[in-house]
Amino acid sequence: MLFGTLTSSLLVCGILHTGIAATQQKKNYIVNLMPSASKDSLVRRQELRAAAAVDSASILYNYANALEGFAATLTIDEVNRLNAQLEVVSVREEKIFRKQTTRTPLFLGLVDSDELLGTKAFEYSGMSFGKGEVDAAEANIIVGVLDTGAWPENPSYDDVGMPDIPSHWKGSCDVGEQWTAANCNKKLIGAAFFYQGYAAVYENKTGLPLNFTTDGQIGSARDIDGHGTHTSTTAAGSISANVSLFGEASGTARGMAKDARLAMYKVCWDDFCYESDLMAAMDRAIADGVNVISASIGGDPYFGGDAFTTGSFVAMEKGIFTSFSGGNSGPSPATISNNAPWMLNVAASTLDRDFPATVLLGDGRNFTGVSLYINGAVPDVEPLSSDTVLPLILSSAAGSNVTAATLCLEGSLDPDLVAGKIIVCTRGENGRAEKGAIVKAAGGRGMVLANAPANGEEIVADPHVLPAIHIGAKAGALVLEYAKSGNATVSLDFEGTRVGIPAPLMAAFSSRGPNGPIPQIMKPDITGPGVDIIAGWTRLQGASVAPNDTRRVDYSIISGTSMSCPHLAGIAAYIMARRPEWSVAAIRSAIMTTAYTTTKGTQNTLLDSATSNAATPFDYGGGHVDPVAALNPGLIYDITAQEYKEFICSVNRTQAFMVEVTRSNFTCEEDKVYSPYALNYPSFGAFYDSSVTNGTYFARFPRTVTNVGGAGIYIASLSVDDESLVEVSVSPDTLSFETEGEKKTFEVVVKMKSPHANVTDAFLTSHGRLEWSDGTHTVGSSLGFIWR
């Protein structure tokens, strides 16, 4: 093992008890050291801690791969003494991250397309009937998932027919509470759990060493939340037939890379994911030999040294692809997180499937929403037919605290006023399904959940614990107004699963660009399915995640960029298996440049569900992923680690910043001018900084493309959203290739005019698109123009 603290030992929790009665409060810190090849790293850290008089019992982790340094729980005096040491680059308080909570393969074109992929499958003896063939190359790919753990008994972890574990796997199956070595197999090949940061925070707050049971946790990789089981089976779950949630969304479930292996790194506890634990998991995953890392976890927009930025850079250098969720803070602009250019940043959009349900008002008006409530699926709830008419009241009229009652918060509703009625609750603050549970506990017969104006028209289906329908803000306003009138009545009609609807639409919750910390790098990179996704679930959590939901299922339906991120991680594994010669940057380029920006199967512009208007690259990045097309992109934009470091020089030239972000001693040349536009990225972000620019601004983007599609002549086409603000040219506008592997260069020049209005703290944006086509391949890139 590479850590000074092993996650498989539950006894370690006790050593963190160092006396909270001390005068100085301790906090968790990440200590970053200058890289050195002249001294053993463990000896070096020990000498450093001795020189700074840091208690060895305070050490949480020693890092050997993702970072040169360690994590410790420290007092301010200890922090100051460490900062005084010449070898120390930084001592920073750890961040706290959070989770960013069957039809998908068919929608993405991954079903019945294996013959197109250029890889011959191989069948292993002992494979169960109906399993299909195991792809030998894909079975050699390992997807590491950082999340809440796994429920190993889930059918999507079935390993029937899987070959031996790849020889490059160096990890282990760490035992713990309710987890033995037998819980891993040839599909779920590894499991680890990282809790020292969580335990230190717990002790610093309570004065007591962590007790997993007392805190409602399990000290192992076992998933009590459901999130980790869902994301990992989305990425690389085995084929599982006859899957549904109470009969809805029925079909065959499978991961994007159904034959790839999975390794689970449990890093999130009670909805929080502490950076020291995340860094340890990144460190371990790199050492274990994973090929892809998926992390549906994020924080605030940021570019600098942290577990994900630094860890993913080291992973990239070792050929490990990293996929991160973009966040659920949309539709506000500049909310996208996980901002570094070497990681794939994933937005969320809808599938061509929904679960319609209709609110039938007593005055004859009908409003369609969505729901996963099914009559008969909740044992203690009597089925509610569509011809049953019930009283409809506002939740705000059913409690003494109007603000709390409006949102249907815990304890806010008066049972005498709620009993037997349909209650209109407003979305916000607590969970959607939780509101229904609160209505049910107060004796309500059902719920209409109305969006507040800030939520727009985005609606999400949930497996509610009582009859409930979610409607958008426009319909919600009308229903709220009607419910105020007195003697209002309503019926609820649940219609089940509907497929073939126009898709994708951008999810309103999906975080948006521009990329605030580095506007010259467009983020998100791509969008993928993230709304109403069915995948594996834990048996320790109710289907709806609402309090007192006793229903236990193997598969559940949830939404978020947490769901789109593992789709892309699995797709990267799928591509990696079939194009092993491609670099991490080449795979990302292929994914981005073959994406589509229309409603699937049409020429209609992809729409934003928040506004019902056309979505933009600041919402979807390159577009919606098309994994089969990504196998044959024609041209790719490749990037080396050296080029990333030169890009960093254009952002921050200090040696300390370079070490923090890249774990290297790379030095920016004093006399060299570095441009953020020079990075060979598959998209183009031009940034007009009003604080230093007055008048016309020019941005020049040199690019090099590599031919991976045979001989051809590519011709460029350009389009911009607002020609009164931006002019764009490309030179040359024709690229001729004779052989595979041949490289050609071109330059895009953007001329940005002064904005029509004053720009202060907000971003003004416009966009465009560059496409290279040889008649067979279309290589598309988003153009983003940002004024601030």
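Residues take their numbers from the sequence shown, with the count starting at 1. What's counted below: heavy atoms across the whole structure, side chains too, no hydrogens, waters or symmetry copies.
Of all heavy-atom pairs between Cys268 and Ile297, the closest is SG-CD1, 3.7 Å. Minimum heavy-atom separation, Val460 to Asp532: CG1-OD1, 4.0 Å. Annotation for Gly513 and Pro524: closest pair N-CD, 4.1 Å, computed over non-hydrogen atoms.
Here Asp271 pairs with Lys99 in a salt bridge; the nearest charged N to carboxylate O distance falls below 4.0 Å. A salt bridge links Arg222 with Glu153; the closest basic N to acidic carboxylate O contact falls under 4.0 Å. Under 4.0 Å is where a charged nitrogen must lie from a carboxylate oxygen, and between Lys170 and Asp288 no such pair does. Salt-bridge formation is not detected for the pair Arg261/Glu138: no Lys NZ or Arg NE/NH1/NH2 atom is positioned less than 4.0 Å from an Asp or Glu carboxylate oxygen. Salt bridge annotation for Asp158-Lys186: absent, with no cationic side-chain nitrogen under 4.0 angstrom from a carboxylate oxygen. No salt bridge links Lys258 with Asp135; every basic N to acidic carboxylate O contact stays at or beyond 4.0 Å. Asp277 and Lys266 are not joined by a salt bridge, as no carboxylate oxygen comes within less than 4.0 angstrom of a charged side-chain nitrogen.
Under the side chain to side chain contact (heavy atoms under 4.5 Å, CB included) test applied with Ser294, the options Ser232, Ser325, Pro566 reduce to a single match, Pro566.
The distance from atom OG of Ser559 to atom CD1 of Ile557, rounded to the nearest 0.5 Å, is 8.5 Å.
With hydrogens and angles ignored, the 3.5 Å screen pairs no side-chain donor or acceptor of His470 with any backbone N or O of Ile459. Using modelled atom types, no side-chain atom of Thr561 and backbone atom of Ala347 make a donor-acceptor pair closer than 3.5 Å.
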ask   = So Val499 and Asp352, side chain to side chain contact (heavy atoms under 4.5 Å, CB included) or not? Walk me through it.
value = CA-CA 6 Å; Val499 297; Asp352 60 344; 5.7 Å; no

ask   = Trp269 and Phe212: ring-ring contact (aromatic ring centres under 6.0 Å, His included), yes or no, with the steps?
value = CA-CA 10 Å; Trp269 306 86; Phe212 286 111; 5.5 Å; yes

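Taking the six-membered ring for Trp and the full ring otherwise, Tyr644 and Trp342 have centroids separated by under 6.0 Å. Checked against a 6.0 Å centroid threshold, the rings of Phe97 and Phe308 count as neighbours.
Taking the centre and axis of the six-membered ring of Tyr574, the NZ or CZ atom of Arg578 falls inside the cone set by 45° and 6.0 Å.
Put simply, the side chain of Ile533 reaches to within 4.5 Å of the side chain of Leu351, judged on heavy atoms. Proximity of Met279 to Tyr61: side-chain heavy atoms (C-beta onward) are nowhere separated by under 4.5 Å.
Counting only N and O atoms by type, the side chains of Arg284 and Ser172 include a donor and acceptor under 3.5 Å apart.
Below 30°, between 30° and 60°, or above 60°: for Tyr195 and Phe193 the angle between ring planes is below 30°, a parallel geometry.
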